[in-house]
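Right, one structure below, let's go through it.
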Amino acid sequence: MISLVLAMIWSRRGQALTLALLSLLAVASAVAAPAYLIAAERAIADGQIATAATRELTMAARRSYDSASGDASTGELRFPEIGKVLLDLEGFDHYHAAEVPTVGIEVADTFPSRLVFRQEVCAHVVVLTGRCLAAEGDALIGERTAQRLGLAAGDRIELSAARQNGAVQPITYVAEGAPKTLTVVGTYRPVDSGAPYWGLHGYFVFGADMGPGEPVFTNAATLSTMQRTTTAMAIDGIAEPGVIGIDRLERLRAELTAVDKAVGELDEPLQFDSGIPVLLDRIDQGRAAARLLVPVMAVPLVLLACFTIYLTVGYGAQGRQSELAVVALRGARWWTRWWLATGESLAAVLAGSLAGCLAGQLLVNAVTGLVFPGVGAEPAFTSLRYAPFAALAALAAAILAQRRQLTSPVAGLLRRAPSRDRGLPGVSEVAVVVLAVVTGIQYALAGDPLEGLGLFAPALIILSLALICARALLPLVNRYAAGALRRGRLGIALAGVQLSRRPGAGRLFALLVAAAAAASCASASVDTAARGRAVTAYLGTGADRVLTIQPITRQRLLTAVGAADPDARWAMAVTPLPSGGTGSPPGIAVDTARLGAVAAWPDGAVAPERLRALLHPDAPAAPAFANSDITFEVTATGGPLRLALSLSSSAGLGDVVLELGTVPPGPQTYRQDVPVCERGCRVNGIRVSGEGKVPDITGRLVIRGLGTGTPAPLNDPTRWRATRDARLSAAPDGLQADVEVSPSVVDAVWIQPVSTPYPLPIAYAGEVPPAVLLPGLNVVDTPITPVVELPAVPGLGRRAVLADLEYVDRLAVQSREVQAPQVWLGPAAPADAVDRLEAAGIRVVSETSAATVREALDRQGPAAALWFHLLAAVLAGLLGAGALALTVAVDRGRRTEDLAALRTQGLRPRPAGQATLWTYPVLVTIATAVGVLVAVGAWRLTGWALPLAGITPPDLPLPTWPRVTALLAAAGAVLLVQFAVAFLGGRDLRRRIEPR
C-alpha cells in the first residue's frame, strides 16, 4: 500500500512538491515568528545600549563632608563605604573623584572655581601646554580659563575653599580657611566632554551663574593637604562595552537592586544614582512592543498558509476523483480508501512540515543577518514551540479538504459536472465570519486589544472580508460571462465561466485576495511606522539640528544669529516662553522670518510665510536713539517720583536700565552717555516709581522730549501704553501720565511705546489657551490672542503655543538673560555653522540632531519588529503564488480535454486562446485590486491599536494611515509574481490544445 502511495506521489511529483513547499511555508511561518522575536529582542537591546546617553551607562555613589558639621576639614579623603559594593560589580570601570568649591582666581564671586580630583584624568584630556599632574600642589587649567585669566604653565595661583553666602542676592561665594598655593603645570582640553568617563558630574557645563565649565584639576594629595569646606566625594561606575546586554539584563537589574539595599543599610548618608534602570526599562518597553507587533502578522500568515493547504489539497482531490471512484467501486475497506485518498497529500504535507522547522530558522538567520548585522539570531529550541501546532493544523487542513472525497458515493465521484451551487455559504465560511465579528468586537472594546483573542482579529477580519468579496464578486462574473456569450464573445464567456463555475474557484479567489491584503497590511504598518519615526525625529526635535546655548538676552540672540546667517537661510533663534504654571501649555518664541527655511513643519499646518504674517503684522517701530548720547526731557508734579529708562542695543551689544533718580518738580532734562548704545538703542519702556515711606504716591509726568533719531510720537497717547495705575493723555507739550505708585520697585508703573500688536498674537496647538498666558514676561501678565491653530508646534508637540520672538522681546520692559535658549539649524546649514555662531558671540552648550534621534528610533522595538512584517508580506505573496501554481496544474488536464473538444467542434483559435491565456491572469488582477480594498478595510478596523510608535507614543501628530503608494507597491509586487505564474500556466495550456 505504501508503494502504491509512493507511486502516486511520483506520478504527480510536481503537485506533491508544490504541496510540500506550501506546507514548508506554513510551518516555517510558525517557526519564523518566535525565532525572529528572539533576534529582534537582541537587536532592540543592542540598539538601545548603542544609543544610550552617558547617564544610562553609569552609576555613582556620592557623599559630601562639611567641616561646619564636624567632618574633618583636612586630612585624607574619605570615599563612600558603598565603594566596596560597587567595586564588586563585574563589567564596570570604577573612578574615584573629589571636589571642593574654591575662590581666588576668578573676578566674579557668584560662582566658585571647581577644584577637582578625578582618577586617571590625564588619560582623558589633551595637555595643550606644559605637562600633566605629577606632584602635590600641581594644577591643570582649562584652555579658555587660561586665556581669559592670562595664566600659563609655571604660574602660581592661590585657591581658598569657599562657602555660599546666602544672605545676599544673588548668592555669592566667600573664602573660608587658609589659601592653598598651586602651580599651574599645564593647560588642557577634554578629549570628549560627553564621554561616559566624566560620569554625571557636569564638569564642562557652563552658564552665567555656573562658571566657565572648566574645572581646575589636581590630585588627591593636594586636596588632602588643603583646608576644605565642603568636599563632595564620589565613586563612579562606568559600564564597559558589552556588559549591558540582552543576556544579563535581569542579572544587572538584580545587582542594582542589591546596591540600593546596601545603601539603605549604611550608617552614613549616601546618595546612589544611576540611569541604568531607565535604560533597562526602555529595553523592556521595546521588547514588549515587538512581542505585540510580530504576532499581529504571524497569525494571519499561519492562517493563510492553512487556508492555502486546504484549498490546494481540495483541488488535488477533485482532480483524483476518478481514481477514488475506482477504489470505492471495488469495495475497498474504509481504511484502505482513506489511506489511498489522503496518503499522497499527507505525505507531502508531513515532509514539508519537517523541512519547515529548519527552513524557518534558516530564513530568520538570513533576514536578521541582513537587518541586524553583528547581533545574531541566537537559535533556540523555543523557536520550535509552535511548529507542532502548525504541522497539525496543516495536516488537519489537508484531511478536512478531502472529506467529500472520503464520504461521497461512487456516482458523486464519477460525476464531472459540479454539483449545483445555490450560493449558500459553507459552514467553514460562516464560522470564519462569526469569529471575525466576535474577535473584532473584543478588539475594539478591550483595553489591551492585542492580547488573547484580539491577536486573531486582524487575520480573521482579512480572511472573512476576502470570503465575502469572493461570494459577492463571482456571481457578477457569471452574469458578465452569460452576457458575453449572448453577444458572441466566446473567449471572454469561456474565461468567465471557468472562473465562476469551477469548483473551488471562489475559495481560490478569496485566497488570492487574502494574500494581497496581508501583504498590503504588512506594507501599511511598515510605511506608517517609518513616517511616524520621521515625524518624531524631525518635528519632535524641531529642526535638523538644535543647539542649546549659553543664557543670553533675546535681542543679543537675534542679533548674533542674524550676523552668523545674514541671508536667513539656515539658522533661527528660539527661546522658551514663560510658563503659566501647572496645566499651562509650554511655548516657544521664534524668529518667524526664518521659520520656513529652518523648522520642521507639520503636515496640514498653515504655511510658515502665512504664519509670519499672522504673528508679525506690521507695527510702528519703537523709538530708538541713534548713538550713545541719551537725552530725556520731563516735567514732574506731585510725587516724589523716580525715573528709569530701559534700553536695548540695536546691535546686540547689551541691555541697560538707565536710572535717572528722583525727579525734582518742574522741567528737567537728563543727558547721559551710554556705551552700549554707541550703535543705537531701542526704548523698551520708562519706569516710574515712588520714593519715601508714604505707601501711596500720586503724581503727574509730562514727557516733553526723547532725543531719538526719529522724533518719538509723544503727542499721540494711542502710540503708548502703560501698566496698572497709570492714565495716559495728550498734553500741549508732550505725553502726560497720571500715576499712583509706591516706593517699591515691584509696584512701579511702566510706560511702553506701542511697537507690537497688543494683545500678542500667538499660534497654538491643542486647546485654545487662556487670554493671559505669559506671566513673568513683563511686570504684569501679558495678554495674548490666539490667531491660528497648528496640528503641532515643532519641538513641543500637540499642546503648545508659538509666538514671534522679536515681538516678545519688544514687549519685555527689562531684557534679561533667557535660560536654555536655542539656535535651530536647517538643512542648508554649512559644516562650520557652530563656528560661525560662536564667532558671533554664541557659545554652544549641547547639540541634538534629528538624524541621531531617527537613528535611535530605527533601533527601537517597533522598527525592529516591523522587519518581520516585510518578511510576512513576502511569504504571503509566495503562498498565493504556490496555491495558484498548484491550481493551474490540477486544472490543466481537465481544461485541456474540454477546450480540445470545443476546438474539434469548431471553436476558433482566438477565443480558445483568450480562454486559455487570460483566465487566471484576469483572476489574479481582480483579486489583487480587491485585496488592496480589503487591506484598507482591515487597517481601518485594526490598525489603530498597533504600537507602531512604541508603548508610550510621543505627543505628536503621527500618521495613522499608510500612503497609497506603499499599498500599491506591496500589491504590485504580489501581482507581478502571481501574474507571472498565471500567464505561464495559461501559455502552457494554450500550447497543449493548439496542436489538437
Side-chain angles (χ1 to χ4, degrees), residues 51-56 58 99 106 108 110-114 116 124-126 142-148 170 188-216 275 540-561 563-565 570-577 586 588-591 598-599 652 794-796 805 815-826 829-853 856:
T51 57
T54 296
R55 176 179 178 80
E56 297 173 342
T58 62
E99 178 177 341
E106 296 284 356
T110 55
F111 59 84
S113 298
R114 302 173 68 176
V116 174
H124 295 85
V125 297
V126 177
E143 61 173 327
R144 293 178 183 269
T145 302
Q147 293 172 0
R148 181 167 45 82
Y188 74 88
R189 177 192 305 152
V191 175
D192 180 4
S193 60
Y197 163 78
W198 300 109
L200 309 177
H201 300 277
Y203 292 129
F204 306 106
V205 176
F206 55 87
D209 298 325
M210 302 172 63
E214 288 183 323
V216 178
T541 302
D544 280 19
R545 295 164 63 189
V546 172
L547 309 177
T548 301
I549 63 174
Q550 191 175 17
I552 191 173
T553 64
R554 298 181 184 91
Q555 180 60 36
R556 290 186 64 186
L557 176 60
L558 284 166
T559 304
V561 171
D565 178 24
W570 52 268
M572 181 176 70
V574 180
T575 64
L577 288 174
I588 54 173
V590 306
D591 185 353
V598 175
L796 295 182
L805 179 56
S815 187
R816 299 185 178 92
E817 288 188 341
V818 180
Q819 298 300 313
Q822 295 177 335
V823 177
W824 290 6
L825 304 182
D832 62 342
V834 174
D835 295 335
R836 295 189 191 186
L837 290 169
E838 292 195 343
I842 291 175
R843 188 172 178 188
V844 177
V845 176
S846 62
E847 177 178 341
T848 301
S849 166
T852 303
V853 174

Indicate yes or no for a side-chain donor-acceptor contact from D591 to the backbone of A573 under 3.5 Å, with no hydrogens or angles considered. no
What's the separation between atom CG in D544 and atom OG1 in T848, rounded to the nearest 0.5 Å? 12.5 Å
Step by step, work out the side-chain contact (heavy atoms from CB on, under 4.5 Å) result for I552 and E817. CA-CA 5 Å; I552 191 173; E817 288 188 341; 5.6 Å; no
Under 4.5 Å between any side-chain heavy atoms of E214 and R148, yes or no? no
For the CD atom of E143 and the OG1 atom of T145, what is their distance to the nearest 0.5 Å? 9.0 Å
Grab the two heavy atoms, one from A571 and one from V823, that are nearest each other, plus how far apart they are. CB-CG1, 4.2 Å
Hey, what do you get for CG (L200) to CD (E56), rounding to the nearest 0.5 Å? 10.5 Å
Please report the shortest heavy-atom distance between V845 and Q550, naming the atom on each side. CG2-N, 3.6 Å
Verify side-chain contact (heavy atoms from CB on, under 4.5 Å) between D565 and M572, making sure each step is shown before the conclusion. CA-CA 9 Å; D565 178 24; M572 181 176 70; over 6 Å; no
Heavy atoms of other groups near R189 CZ, more than 12 under 6.0 Å: no
For P212 and F111, which heavy atoms make the closest approach, and how far apart are they? CD-CE1, 3.8 Å
Check F204 against S193 and note the closest heavy-atom contact, atom names and distance. CD1-CB, 3.7 Å
Identified side-chain contact (heavy atoms from CB on, under 4.5 Å) partner of V818 from the options T575, I549, L805: T575
Classify the angle between the aromatic ring planes of Y203 and W198 as parallel (below 30°), tilted (30 to 60°) or perpendicular (above 60°). perpendicular
For I588 versus P794, what's the shortest heavy-atom pair and its separation? CD1-O, 3.7 Å
Restricting to non-hydrogen atoms, name the atom on P830 and the atom on R545 that form the minimum distance, rounded to 0.1 Å. O-NH1, 4.3 Å
